[in-house]
Amino acid sequence: MRRTLEELYYGNITPNEQRMVPGSEMQKAVERVTSHEKQLMEQLGEAEQEILTKFVRSQHEINSITATENFILGFRLDVR
């Protein structure tokens, strides 16, 4: 446990880093989202593309905050 905490402290472990397994459900979902986003961008005007880009970035921010909160919750539960 100590070694793991040291590695985490020194930045050698990045809990938010995810590796996608080729052919996994996650990869397929990401490909679908990417495809749909590209299709939307092609159909939208410049102003609407900017709104979509802001929307996507905001969603990424929400996902990041959620992942951080879940990590903290899991860590707290593990410590207890």
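Residue numbers count from 1 along this sequence.
No more than 12 heavy atoms of other residues, nucleotides or ligands sit less than 6.0 Å from atom CE of M26.
When side chains are defined from C-beta on, M20 counts as touching V30, because their heavy atoms get closer than 4.5 Å. Using a 4.5 Å heavy-atom cutoff, the side chains of M41 and T53 are in contact.
For the atom pair N63 CG and N70 CG, the distance stands at 10.5 Å (nearest 0.5 Å).
Using a 4.5 Å cut-off between side-chain heavy atoms of Ile, Leu, Val, Met, Phe, Trp and Tyr, with links allowed through other members, F55 and L40 fall into the same hydrophobic cluster.
A salt bridge is absent between R57 and E61: the closest approach of a Lys/Arg side-chain nitrogen to an acidic carboxylate oxygen does not fall below 4.0 angstrom. Remark: E31 does not engage K28 in a salt bridge, criterion side-chain N to carboxylate O under 4.0 Å.
Within the 3.5 Å criterion, the main-chain N or O of R32 finds no donor-acceptor partner in the side chain of S35. A donor-acceptor pair under 3.5 Å is formed between the side chain of T68 and the backbone N or O of S64. In this structure a side-chain-to-backbone donor-acceptor pair under 3.5 Å is present from E48 to G45.
The side chain to side chain donor-acceptor pair (under 3.5 Å) search around E37 returns none, not counting sequence neighbours.
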